[in-house]
Amino acid sequence: MEKLNIVIFGAPGSGKGTQSEKLIEKYGLTHISTGDVLRKEIKNGSKLGKIAEEYISKGQLLPDELIVNILADTLDKCEIVKGVIFDGFPRTIPQAEALKKVLSERNMDISVVLGLEVEEKELIDRLLKRGAISGRSDDNIETINKRLEVYHSQTDPLREYYINEGKYKPITGDGTIDEIFEKIKKVIALL
Ligand code: AP5
Ligand code: MG
């Protein structure tokens with residue numbers, strides 16, 4: 001059977017990580033979250049972690065070349081049975097171009113880009129709530145605002161990019177976690 005390779009796309013707080021967990025459970029996918037990889041490096045105190053912390057705590061993106069190498073490395077290390085879910089990557093047009101190349105070199109392709117579309121006020125509410133318990137250095141109002149600004153200027157243009165590729169499926173990302181997952185399942189059933 002053909003593999004199900006999903007890009008889960010959306011602003012900070014749109015529910016990429018939350019919906020990824022449900023997708024993994026239901027479809028047996030392998031999760032690749034660049035944010036999680038970086039946070040692990042920070043926790044381990046590695047050289048990469050120290051570099052990553054500089055960017056993450058300021059709400060800025062890591063340089064494309066660095067993150068593309070991390071992505072390719074992570075992909076080669078993981079076992080893929082039913083497919084992959086890319087969470088938090090790509091976030092710029094050059095990253096999307098790089099992903100296309102990395103995948104085609106491995107005889108892989110993106111099946112669909114699920115775009116979680118959530119209003120800004122709700123995003124900020126969710127991230128502030130998470131900030132009270134997450135310990136994430138970027139879940140404070142100043143860094144949240146910076147992440148949203150970076151999202152609009154650098155990441156949002158990818159929507160257009162994937163619409164042109166015929167891969168983008170918008171999902172209204174408000175409502176309960178289960179309601180949103182129901183919509184995602186319907187989109188996947190039609191692939
Ligand atoms: P990353 O870890 O990818 O963070 P992000 O994009 O800012 O997104 P979040 O993880 O904050 O939100 P999410 O969409 O996963 O939402 P979640 O499910 O947690 O990136 C962090 C940083 O790493 C970047 O800023 C950058 O510096 C660096 N980085 C990572 N990838 C990079 C790349 N490719 N290039 C360059 N730099 C990169 O949900 C949020 C909260 O809302 C949770 O508490 C959740 O419980 C709650 N929630 C979820 N759904 C609902 C719902 N339906 N109703 C109510 N609450 C909900
Ligand atoms: Mg996340």
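In listed order, ligands and their atoms are each counted from 1.
- Ligand 1 lies within reach of Gly13, whose nearest heavy atom is under 4.0 Å from it.
- A heavy-atom separation below 4.0 Å is found between Arg39 and ligand 1.
- Between Phe9 and Tyr168, the ring-plane angle classifies as perpendicular under the 30° and 60° cut-offs.
- Of all the heavy atoms of Ile180, the ones lying under 4.0 Å from any atom of ligand 1 belong exclusively to the side chain.
- Panel note: side chain Ser134, backbone Arg136; a donor-acceptor pair is recorded below 3.5 Å.
- Every N/O-N/O distance between Gly59 and ligand 1 stays at or above 3.5 Å.
- When only non-hydrogen protein atoms are considered, atom 10 (O) of ligand 1 lies nearest to Arg136 NH1, 3.1 Å.
- When only non-hydrogen protein atoms are considered, atom 37 (N) of ligand 1 lies nearest to Leu62 N, 3.1 Å.
- Residues Lys22 and Asp178 are paired through a salt bridge, judged by an N-O separation under 4.0 Å between the basic side chain and the carboxylate.
- Between Arg159 and Glu117, at least one side-chain nitrogen of the basic residue sits less than 4.0 Å from a carboxylate oxygen of the acidic one, meeting the salt-bridge criterion.
- With a heavy-atom cut-off of 4.0 Å, Ala11 touches ligand 1 through its backbone alone.
- Closest to atom 32 (C) of ligand 1 by heavy atom, among Arg91, Gln154, Glu53, is Arg91.
- Listed for the Gln19 side chain is a donor-acceptor partner under 3.5 Å among the backbone atoms of Ile177.
- A distance-only check finds no donor-acceptor pair linking the side chain of Lys169 to the backbone of Val113 [under 3.5 Å].
- Scanning the protein for heavy atoms near atom 15 (O) of ligand 1, the closest one is Gly17 N, 2.9 Å.
- Contacts with ligand 1 closer than 4.0 Å are made by side-chain heavy atoms of Leu127 only, the backbone lying farther away.
- Between Tyr55 and ligand 1, no N or O atom pair is found at a separation short of 3.5 Å.
- With a 4.0 Å cut-off on non-hydrogen atoms, Gln95 touches ligand 1 through its side chain and not its backbone.
- Atoms of ligand 1 lying under 4.0 Å from any heavy atom of Ile67, numbered from 1 in the order shown and given with element: 32 (C), 33 (C), 34 (N), 35 (N).
- Of the protein's non-hydrogen atoms, the one nearest atom 22 (C) of ligand 1 is Ile56 CG1, 3.8 Å.
- Polar contact with ligand 1: present for Gly88 (N/O pair, distance under 3.5 Å).
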- Message: Show, in sequence, the C-alpha distance, side-chain angles and deciding distance for Lys167 and Asp109, and conclude whether the salt bridge (charged side-chain N to carboxylate O under 4.0 Å, His left out) test is met.
- Response: CA-CA 11 Å; Lys167 304 232 186 247; Asp109 193 14; 3.7 Å; yes
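- Judged purely by atom type and a 3.5 angstrom limit, Thr143 has no side-chain atom pairing as donor or acceptor with the backbone of Asp138.
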- Message: For Lys146 and Glu142: C-alpha separation, side-chain torsions, deciding distance, then whether salt bridge (charged side-chain N to carboxylate O under 4.0 Å, His left out) applies.
- Response: CA-CA 6 Å; Lys146 181 71 193 164; Glu142 197 185 319; over 6 Å; no
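- The part of Gln60 lying near ligand 1 is the backbone, judged by heavy-atom distances below 4.0 Å.
- Taking 4.0 Å as the cut-off between side-chain N and carboxylate O, Glu53 and Lys50 do not count as a salt-bridged pair.
- Salt bridge Asp139/Lys129: absent, no basic N to carboxylate O contact under 4.0 Å.
- The residue from Glu122, Arg126, Lys146 that puts a heavy atom closest to atom 57 (C) of ligand 1 is Arg126.
- For ligand 1, the atoms sitting less than 4.0 Å from at least one non-hydrogen atom of Ile177 are 50 (N), 51 (C), 52 (C), 53 (N), numbered in the order shown with element in parentheses.
- Distance from atom 31 (N) of ligand 1 to its nearest protein heavy atom, with residue and atom name: Thr34 OG1, 2.8 Å.
- Here the heavy atom of the protein found nearest to atom 53 (N) of ligand 1 is Gly175 O, 3.0 Å.
- In terms of protein heavy atoms, atom 39 (O) of ligand 1 is closest to Thr18 OG1, 3.6 Å.
- For a threshold of 3.5 Å applied to N or O pairs, the pair formed by Lys16 and ligand 1 contains at least one separation below that value.
- In this structure, Glu122 pairs ionically with Arg126, as a charged nitrogen and a carboxylate oxygen lie closer than 4.0 Å.
- Near Thr176, the atoms of ligand 1 lying under 4.0 angstrom from a non-hydrogen atom of the residue are 53 (N).
- Of the possible polar contacts, one joining the Asn140 side chain to the Ser137 backbone as a donor-acceptor pair under 3.5 Å is found.
- Annotation for Glu105: atom CD counts as buried by contact number, over 12 foreign heavy atoms lying within 6.0 Å.
- Given atom 29 (N) of ligand 1, the protein heavy atom at minimum distance is Leu38 CD1, 3.7 Å.
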